[in-house]
Each structure stands twice: as C-alpha cells, then as structure tokens.
Amino acid sequence: MAPHLAHGTATTALLDELSWRGMLHQTTSPDLAAHLASGVRVGYAGFDPTSDSLTIGNFMGIKLLAHLQRAGHKPIVVSGGGTGLIGDPSGKSAERQLLTRELAEHNARSQQRIFDRFLDFSGPRAAVIRNNIDWLESMSYLDMLRDIGKHFSVNQMIARDSVASRLEGREQGISYTEFSYMILQAYDFLHLHRADGCTIQLGGSDQFGNIVSGIDLIRRLEQHESFGATCPLVTTSDGQKIGKTEKGAIWLTADRTSPYRFLQYWLNTSDADAVKFLRWFTFLESDAIEALAHALATEPGKREAQKTLAAEMTRMTHGATELARAQATSEALFSGLVKSLDAAQIAEIAADLPSSSVATTALSQGISIVDFITGTSCAASKREAREFVQNGAVSINGEKVTLECTVRAEHALPGGVILIRRGKKAYHAVRLQSS
RNA sequence: GGGCGGAUACUCAAGCGGCCAACGAGGGCAGACUGUAAAUCUGCUGGUUUCACCUACGGGGGUUCGAAUCCCUCUCCGCCCA
C-alpha cells in the first residue's frame with residue numbers, strides 16, 4: 001500500500017473520530033490534520049487538582065487523550081499540582097480560594113489512579129503522567145518574567161474572555177495571581193514541547209485561549225509549530241451541566257460515587273440525550289450507536305440506548321465485576337423482588353444505599369411506619385413522612401404501606417435489613433442491631 | 001465624612017400594624033399517565049403532641065393588646081454628594 005494512503009488513513013483517525021462524535025469544537029490550525037498524519041505525535045491535556053477525584057465533567061479531557069492514543073499517538077496527562085496553586089480564571093466568575101500546597105499535591109497524586117482505566121500505560125505509545133509542580137516550582141520569578149513574561153502582551157491578555165469578563169464587573173475583579181495563570185499554562189506547553197516533544201494540547205472549549213498562548217510561546221521561543229484542539233462544553237438537552245445532581249456531582253471513583261449510583265445516573269438519561277451521550281462518552285462504533293438510535297426511535301420503552309450507555313460507562317469506570325453487581329442491585333430494587341434475595345445479596349445492596357440502624361428490641365414492640373422512616377434519608381420530618389405514606393410513595397421491602405402499618409422485627413430480610421423505598425428512586429436500608 | 005435605598009423561606013420576589021408560616025414565579029419532592037425518560041395534570045415544599053402550639057421575615061433593643069410591617073441601634077450591601 002502506498003505510503004500516502006496510509007497517511008490518509010491516519011489523518012482521518014483522530015479528527016474524523018472526534019468530529020462524528022461531536023467532540024470537536026475548534027482546532028487552532030487546519031494543518032493539524034496533516035501534522036497528525038505525518039507521524040506519531042505527542043499530545044497533552046491538563047487536569048485541575050481541585051479535588052482528590054475527578055467527575056464525569058472531567059471525563060471529556062480523559063477521553064480526548066484516549067482517542068488520541070487509539071489513533072496511534074502518545075498522550076500525556078498533566079496534573080496541575082503547580083498551576084492548581086494559582087487557579088485558572090477561565091469560566092469562573094469570581095476569584096477562587098487558593099489551594100494549599102499539600103492539598104494540591106495530594107489531589108494531583110490521588111487523581112492519577114483514575115487514568116489507568118482509560119489510557120494504556122504500556123507499549124511504544126504508553127501514556128505518561130506529569131505534574132507541573134516539577135517544572136514550575138524550580139522556575140524563579142525573575143526567570144519567568146524575563147524569559148516568558150516578555151513574550152506576553154498585556155494588551156492581548158486583558159482582551160481574553162476569561163479576563164475581560166472579570167474586568168467589566170466592578171465587584172468581581174481579578175487578582176494578579178489569576179491573571180498570570182495563562183502564562184503558566186503556556187509555559188507548561190513549552191516545557192512539554194522541549195522535554196517530551198509534545199506538539200498538541202487538547203482541552204475544553206474554555207481552554208482555547210490558554211492553548212493558543214502556549215502555541216504562540218512555542219513559536220516565539222522555538223520557532224516550532226504546535227497545535228490545539230478543543231471539545232465543546234457538554235450539556236444536557238435542557239442546558240444543564242452534565243454530571244451535576246442535587247445529591248452532588250457524579251464522580252469517577254467508587255469512594256465518591258458508588259458503582260450503583262453511577263449506573264443509575266446513566267440509566268436515567270433522557271431520550272433526548274441518550275444518543276448524544278453514547279457518542280460523547282462511550283467508545284462504541286458508529287454503527288453500534290446508529291443501531292441504538294434506531295432502537296430508541298422505534299421502541300423507546302425498552303431503553304436499549306440508556307441501558308447500553310449505563311453498562312458501557314460503568315464497565316469502563318469500575319470494571320466488569322462492579323458492573324454486574326450494580327446491575328444486580330438495580331434489578332432487585334426496581335423489580336421490588338427483594339424478598340427473594342439471599343443474605344449476601346442484601347448485604348451488598350445495603351452497602352450501596354444510605355443506611356441507618358435500629359435496635360432489635362425497639363422493633364420487637366413494633367414501630368409505626370411514620371416514626372420508622374422519619375430521620376432516614378427517605379423522610380426528613382414526621383410531617384413529610386406522613387405525606388409520603390399518604391401519597392402511596394413508600395414501600396417496605398418492595399410492598400406499599402399505609403399509615404396504619406407497623407414495622408416489626410419480622411419484617412427484616414435475611415441479614416437483618418429492612419429496605420425502605422420512597423418514590424421511584426430513593427432507597428434506604430435500615431440495619432437491625434441486637435444490642 | 002454626608003445623603004438616600006435595601007437586607008423576607010432553596011433562589012428570585014411580594015407584603016409595609018392584626019385576615020402572615022408569609023402572594024407569585026422558578027427549583028425541589030411525591031402522586032397519576034408512562035419506560036427508573038420527557039411533556040402534561042394534581043398535591044406538598046419550617047417543626048411538633050396537626051382543627052392548637054412552637055420557631056421564623058439580617059443581629060440586638062423598644063413602642064403596641066398585637067410587628068415581617070412603626071421607632072432606636074449594630075452589621076452587611078447598593079446608589080448619590082464630598
């Protein structure tokens with residue numbers, strides 16, 4: 001096969017992939033395609049150490065790197081252990097609280113465990129993780145001003161959206177610290193370019209300005225061309241940020257969001273978003289997604305698209321074993337057939353739900369249903385508890401209850417657990433305690 | 001420093017001496033219909049020992065039979081003059 005044909009294939013690999021998935025918002029140069037086609041390239045994306053884990057809002061950045069790697073290039077994950085100390089003003093309307101050094105480092109390190117699941121850290125195109133504290137810390141202020149700052153025009157810097165918006169509103173200014181952020185991120189790119197031959201930076205659309213800064217810096221100091229590509233800001237069909245729920249964000253680690261909750265989140269995806277999410281978040285091929293789109297259109301009640309989305313995401317993030325457990329929990333709870341489960345299964349379910357405990361002795365005399373559910377995560381007060389029961393929203397172990405119902409020790413399932421359900425989706429496990 | 005105006009429940013926002021646990025909107029929760037979706041309709045959205053009481057309209061104090069509503073003061077915010 002002719003070499004130029006092979007190049008042609010490589011060209012289409014990354015950008016076309018991102019494009020049909022709706023993940024390509026902007027590129028810094030039309031020459032990026034040719035650049036990608038002409039060899040194995042090194043690209044990076046940065047992650048803020050604002051927390052010790054990452055949410056599905058950060059997932060896009062990871063996925064961009066994964067696509068890059070799958071297209072035959074080499075990804076670098078940059079933990080912002082250094083830049084995190086400064087704070088990126090992009091997309092923020094107010095000055096941020098500074099992280100402590102310890103926290104930024106701890107978070108950066110803690111986030112690194114997540115990337116194993118999505119990137120390949122072995123082989124010739126092994127992903128690597130870098131922490132920008134390693135090169136930012138040793139950079140002296142004078143060197144930064146003389147060698148790097150000299151190449152930035154304040155006139156351009158204040159024209160940036162992220163800065164301009166903070167200059168307009170009088171009550172929300174911007175500190176010199178955050179104003180300088182873009183210089184640090186630009187320097188990151190320069191450093192990676194020098195140290196790792198990195199020529200591409202990927203990120204969300206709000207990062208475009210920062211990416212361009214880096215490209216300019218590399219051009220001035222190294223006379224090399226480098227590139228950037230951004231993905232659109234992903235939102236739900238009603239304009240909500242993805243992964244934000246009333247109960248908090250959806251995280252990519254089990255210590256923050258249980259696999260069961262994670263599965264449920266995707267399972268509840270609305271029809272309007274299902275296909276879009278399949279393209280954005282999963283690695284399923286185009287035909288597979290088209291088939292699911294067809295299934296959704298013809299048999300929406302079956303929710304094939306949502307089920308596949310949820311399964312794919314949970315498997316990728318938590319592994320096949322956790323997926324199977326989460327699915328089993330999910331099926332048992334929603335079918336109401338919890339009585340058929342054995343003690344081990346119930347224990348697993350209870351572990352995934354908010355829970356509380358009650359003394360067996362108290363239960364032996366019987367507790368009214370209202371008192372029983374008050375104070376659990378299903379009802380905040382007696383008034384509310386009464387209302388829910390009257391509405392027929394509450395069931396115990398899968399059976400609807402009325403106000404007259406009294407909960408007794410006999411209600412306990414194998415393993416000494418009573419399952420409360422309020423409405424369709426709120427569950428609570430009450431453990432019996434013998435002493 | 002001086003002069004105004006404002007602070008009400010998750011958010012916005014009425015109320016301006018008793019009929020105020022406080023209009024309305026949004027949000028949230030539940031029910032019905034469905035598909036653990038959306039839309040729609042209905043109900044709820046301070047607490048309790050629920051036809052009553054308690055706690056609440058920025059904090060504190062006062063006037064009054066009675067205050068979110070009037071007065072004083074403190075804190076914070078906005079506008080205007082220096």
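Quick note: numbers below take in every heavy atom, side chains included, and nothing from hydrogens, waters or symmetry partners. Chain letters run A, B, ... following the sequence lines, proteins first and then strands; every chain starts at 1.
Straight-line distance between the P atoms of B:C65 and B:C51: roughly 31 Å, to the nearest whole Å. For the P atom pair drawn from B:G6 and B:C72, the interatomic distance equals 14 Å after rounding to whole Å. With C1' as the reference atom, B:C79 and B:A25 are 27 Å apart, rounded to whole Å. Taking atom P in both B:G78 and B:C12, one finds a spacing of 16 Å when rounded to whole Å.
When distances run from any side-chain atom of A:Phe334 to the nucleotides B:A30, B:A37, B:U36, the shortest one goes to B:U36. Counting only heavy atoms from C-beta on, A:Ser270 has its side chain closest to B:A37 among B:A37, B:G47, B:G35. Side-chain proximity of A:Asn391 to B:U45, B:A30, B:A37: nearest is B:A30. Listed nucleotides B:U36, B:C29, B:G47 differ in distance to A:Phe388; the shortest reach to its side chain belongs to B:C29. When the nucleotides B:G35, B:A30, B:U36 are ranked by their closest atom to the side chain of A:Ala393, B:A30 comes out on top. For A:Gln264, whose side chain is taken as the heavy atoms from C-beta onward, the closest listed nucleotide among B:A30, B:U36, B:U48 is B:U36.
Interface remark: the A:Lys424 side chain does form a donor-acceptor pair with the B:U34 base, using a distance-only criterion of under 3.5 Å. A donor N or O paired with an acceptor N or O is not found under 3.5 Å between the base of B:U48 and the side-chain atoms of A:Ser381. Put simply, the side chain of A:Asp271 and the base of B:G35 share a donor and an acceptor less than 3.5 Å apart.
Residues A:Arg261 and A:Gln264 have side chains not in contact (no heavy-atom distance under 4.5 Å, counting atoms from C-beta outward). Under the 4.5 Å side-chain criterion, counting only non-hydrogen atoms from C-beta, A:Cys231 is in contact with A:Leu64. The side-chain heavy atoms of A:Leu136 and A:Tyr187, taken from C-beta on, include a pair separated by under 4.5 Å.
With a cut-off of 3.5 Å on both Watson-Crick or G-U wobble distances, the partner of B:U75 is given as B:A7. Nucleotide B:C53: paired with B:G47 (Watson-Crick or G-U wobble, both distances less than 3.5 Å). The pairing partner recorded for B:A39 is none, the criterion being a Watson-Crick or G-U wobble arrangement whose two distances lie under 3.5 angstrom.
Within the 4.0 Å cut-off from OP1 or OP2 of B:A30, at least one side-chain nitrogen or oxygen of A:Arg422 is found. One finds no side-chain N or O of A:Lys307 lying less than 4.0 angstrom from the OP1 or OP2 phosphate oxygen of B:G35. Between A:Arg303 and B:A37 there is no side-chain N or O to OP1 or OP2 distance below 4.0 Å.
Within the nucleic acid shown, A:Lys302 has no heavy atom closer than 4.0 Å to any nucleic acid atom. Residue contacts shown for A:Arg386 include a base, since a base heavy atom lies under 4.0 Å away. Among the heavy atoms of the strands lying under 4.0 Å from A:Gln306 is at least one base atom, whether or not backbone atoms are also near. Contact annotation for A:Ala272: no contact, since no heavy-atom pair falls under 4.0 Å across all strands.
Side-chain contact of A:Gln207 with A:Gln201: a donor-acceptor pair under 3.5 Å is absent, judged by distance alone.
Residues satisfying the salt bridge (Lys or Arg N to Asp or Glu O under 4.0 Å) test with A:Asp116, not counting sequence neighbours, are none.
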